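Okay, here's the structure, questions in a sec.
In what follows, chains carry the letters A, B, and so on, assigned in the order in which the sequence lines appear, proteins first and then strands, with residues in each chain numbered from 1. Here the structure is a predicted model, which is why all the values come from computation and not from measurement.
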Amino acid sequence: MKELLSGNAAIARGAYESGVVLAAGYPGTPSTEILENLSRYEGVYCEWAPNEKVAMEVGVGAAMAGARVLVTMKHVGVNVAADPLFTAAYTGVNGGLVLVSADDPGMHSSQNEQDNRYYARFAKVAMLEPSDSQEAKDMVRLGLEISEQFDIPVMLRITTRIAHSQSLVELAEPVAREIKPYSKDVKKNLMVPAFGRLRRVNLAERLSRLARYSEQAPVNFIVPGDDRVGVVTSGISYQFVREALPGVSILKLGMTNPLPVQLIKRFAGQVDALYVVEELEPYLEEQIRMLGLKVTGKELLPDTGELNQGLLRRSFAAAGVLPPQPPAGSPVEGLPQAPPRPPVLCPGCPHRGVFYTLQRLKLTVTGDIGCYTLGGLPPLEGMDSCVCMGASIGMAHGIDKAVPGLKGRTVAVIGDSTFLHSGITGLLNAVYNGSDITVLILDNRTTAMTGHQDHPATGRTLMGREAPAVDLAALCRSLGVQRVQVVDPLDMARLKEVIKSEVAAPGPSVIIARRPCVLLTREAGPPVTVDAEKCKGCKMCLKLSCPAISMQDGKSSVDANLCVGCNLCVQVCTAGAMKGGEAGA
Amino acid sequence: MLKPVNVLLVGVGGQGTILASKVLAAAARAAGYDVKVSEIHGMAQRGGSVVTQVRLGEKVYSPLIAEGEADVILAFEQLEALRWLAYHKPGGTIIINNQRLYPVPVLAGAARYPDNIITLIKERVADVQVLDALQMAVECGSAKAANVVLLGALARKLPVEKAVWRQALENTVPPRFLEINNAAFTAGYGARC
Ligand SMILES: Cc1ncc(C[n+]2csc(CCOP(=O)(O)OP(=O)(O)O)c2C)c(N)n1
């Protein structure tokens, strides 16, 4: 039976069918739905870890003890998980371990577009790259088998267009879930230098066996065609090549570390001109060139953003491989540019008032990643920076220590899920090293950005069980923060008061702005109404960046279908024109 | 049908583009086609632009539609029709819901919402269909069914039988909303626009 599945759903299905016993990860687009799907299958234990490093370690432990394991994360998550990953290549596994790295070329929902294929080479692990959902499913099984046969972690590297594209997948029955016997083996698993050196040599030997395997791996194959043009490709790019260059010879690589060097040389020998089509970095191209082969890749195609068949057609026409493309005669010539439609904080979002307030107070605000990063965009503009998850606290401390002019004027803003992911150590550092910073934890009781996943402070697990909910205030106090306060971010007067006093206070302070995400509670109070007589048209309310508020004929107007009655606009209106229901409803 | 048919569904988070593409994909499959669907929905709930690409044919490789390749653009909102117009394939169709949803930069007065989008598009594209899907859906019993009205209008343009569409709709929407959705589909299918 065939089903239309996204790559993520197919990977979950693959894990279910191939006897995966445990799966762990941390949410991150475009990887999140893998564990959400897998947790709905009977018999597979799934969990959200507080961050990717922990998820990886959970996986390494379970695999060492003999279980088949799937670990999932977005590309930048692998940065966090890199430490265990690199040494897990040395120890190897026992039960198979597949790490899914979901890359995001084009940065649809990420802060960078790093090409994680280099991680496979750097960490010395095997890598598979599917080009559709069927391959995504099949490569989970193959990855687990390779992992066990060659005693090595396997990275399944996907991209947004694999993760979030649906194509037809043949389903199969699950195999029995078995756990391989575990026996203590310190020379394999206890990486002190003396044993590490042994495993390093052993790893080189495993990799050379893997390279031989790669030469005849069924996922590396030639699609025969016109031998004037030969294209080496992998992942989603394969589909673009099939579409844009029908009839050419293709070497389709499903296993891209280690590369099948002999196969590549043989293919190059069969064709007149050799091309590489790959998204992002010249990962394949550089290695092919190092084989002494003449190859064209990034001269022709961009090394940023996504590819598509249209781009390939234009590039290969420019190179004379395809006939010149007829000029498109675009219908858009002479049209006005469509104004952008950026994502915005939802009506009633508890984050909104915080950024409005921070902007008014003219503080330096180091930010972090989550829905609340939208608070840095105009017109709220209540955030100065966003680098990576957890960075806000360390950065604020760095500013506080280095720049006297900003001392006591610097605030870090971080979400609850992000704080638990990698903010705790930053706060510990701020306490230890005597910071004067103020940390605002925006506690909306969920990981909203990625679609409302639970985390250690929500009281629930991925599999729907109740769990102890960590008390964020107590946690901060236990780290040594003396000043910890909880405020309701919809009470703007109090919020402003507290921020002002905590910023002025010596030593590190924590303010927990607590109010559940509106999409979580779906509670709506009576919508705000505007008294047009009183409205002066000053547009103060527009500064809240609320999708429900607009100006109609010079007066502000609230869309009753969108307004959930958070009453922030009532609080910022100086003319008393906005009328709310009961306060803070 | 040698070449795949490319359908681009564009709209704003919350307008129901995803459900529409689900029914479309199910109908295409039931009609025996290979199908690929690609969607970017990361920020869908936050009121951003959303786009779903659906391709059906004997064999579909790429899940993406390139510029100038969309046989049908189904725009759930005027501004989004304008935004994605470069994807229109010469000779193709554009179906536009005449609803306007103002993005925040427009609400905040930082940008202007062009006021004659439909005229501008009609000047450039021969086959443009405009309908008031929201009003039609309200007449069928719920404003929420506007996406299915649009689906009905789309259905007429694709090589899939009406009965197959109906079955796909029935398999996708919850039973208690089926009646309203059937009415919405019929209204869209029969719309003279
Ligand atoms: C290392 C890493 N892992 C995952 C992500 C994806 N991601 C971005 S923000 C975020 C969590 C947001 O949750 P929270 O901090 O609670 O803020 P909210 O969205 O709820 O406002 C996640 C999982 C990422 N950018 N980097």
### Query
Would you call A:R341 and B:E80 a salt bridge, taking side-chain N to carboxylate O under 4.0 Å as the test?
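Result for this pair is yes, salt bridge flagged.
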### Task
Please flag which part of A:T160 lies under 4.5 Å from any non-hydrogen atom of chain B: side chain, backbone, both or neither.
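Contact with chain B is through the side chain of A:T160 alone.
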### Query
Do other residues, nucleotides or ligands put more than 12 heavy atoms under 6.0 Å from the CD atom of B:E161?
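No.
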### A:R161 side chain near B:S38 side chain, heavy-atom distance below 4.5 Å
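Side chain of A:R161 against side chain of B:S38, heavy atoms only: contact under 4.5 Å found.
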### Query
A:D132 versus chain B, heavy atoms under 4.5 Å apart: side chain, backbone, both or neither?
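Just the side chain, heavy atoms under 4.5 Å.
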### Message
Using every non-hydrogen atom in the two residues, find where A:L4 and B:R29 come nearest and quote the distance to one decimal.
### Response
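Looking at all heavy atoms of both residues, the shortest contact is N-NH1, 3.8 Å.
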### Query
Which heavy atom in A:V332 sits nearest to a heavy atom in B:A86, and how many Å separate them?
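Distance-wise, the nearest heavy atoms are CG1-N, 3.4 Å.
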#### Entry: Selection from A:T32, A:V241, A:L168 maximising heavy-atom pairs under 4.5 Å formed with chain B
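Looking at each of A:T32, A:V241, A:L168 in turn, A:L168 comes out on top.
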### Task
Among A:K2, A:K539, A:Q337, single out the residue with the greatest number of heavy-atom pairs under 4.5 Å to chain B.
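Most pairs with chain B among the choices: A:K2.
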### Task
Check each atom of A:C349 against the heavy atoms of chain B and say whether the ones under 4.5 Å are side chain, backbone, both or neither.
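For A:C349, no heavy atom lies under 4.5 Å from chain B.
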### Interface moiety of B:Q53 toward chain A, non-hydrogen atoms closer than 4.5 Å
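For B:Q53, side-chain heavy atoms alone lie under 4.5 Å from chain A.
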#### Entry: Residue that, paired with B:L107, satisfies side-chain contact (heavy atoms from CB on, under 4.5 Å) out of A:S545, A:S550, A:S557
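Output: one option passes, namely A:S550.
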### Message
Please classify the contact between A:L377 and chain B as side chain, backbone, both or neither, with a heavy-atom cut-off of under 4.5 Å.
### Response
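Contact with chain B involves no heavy atom of A:L377 at all.
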### Message
Is A:K543 in contact with chain B via its backbone, its side chain, both, or neither, using a 4.5 Å heavy-atom distance?
### Response
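When you check distances to chain B, no heavy atom of A:K543 falls under 4.5 Å.
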### Message
What's the separation between atom CG in A:D104 and atom CD1 in B:I40, rounded to the nearest 0.5 Å?
### Response
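That separation rounds to 7.5 Å.
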### Task
May I ask you to list the residues in residues 63-78 of chain B that approach chain A closer than 4.5 angstrom, counting heavy atoms only, ordered by number?
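At a heavy-atom separation under 4.5 Å, chain A is reached by B:P63, B:L64, B:I65, B:A66, B:E69, B:E77.
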### Message
Below 4.5 Å, heavy-atom pairs only: which of A:G310, A:P547, A:P340 has the largest tally toward chain B?
### Response
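Top count of heavy-atom pairs under 4.5 Å with chain B: A:P340.
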### Query
What are the two closest heavy atoms between A:P336 and B:L120, and how far apart are they?
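Looking at all heavy atoms of both residues, the shortest contact is CD-CD1, 3.6 Å.
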#### Entry: Portion of A:L307 that has a non-hydrogen atom of chain B nearer than 4.5 angstrom
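For A:L307, backbone heavy atoms alone lie under 4.5 Å from chain B.
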### Query
B:L79 and A:P339: which non-hydrogen atoms are nearest, and at how many Å?
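What the structure gives for the nearest pair is CD1-CD, 3.4 Å.
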### Exceeds 12 heavy-atom contacts within 6.0 angstrom, atom NZ of A:K252
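Yes, enclosed.
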#### Entry: Segment of B:R112 engaging chain A (4.5 angstrom heavy-atom cut-off)
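Interface part for B:R112: backbone (N, CA, C, O).
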#### Entry: Closest contact, heavy atoms only, A:Q309 versus B:S62
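So the minimum-distance heavy-atom pair works out to OE1-OG, 2.8 Å.
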### Task
Carefully, step by step, assess B:R55 and A:E243 under the rule side chain to side chain contact (heavy atoms under 4.5 Å, CB included).
CA-CA 12 Å; B:R55 306 189 74 210; A:E243 190 94 24; 2.8 Å; yes
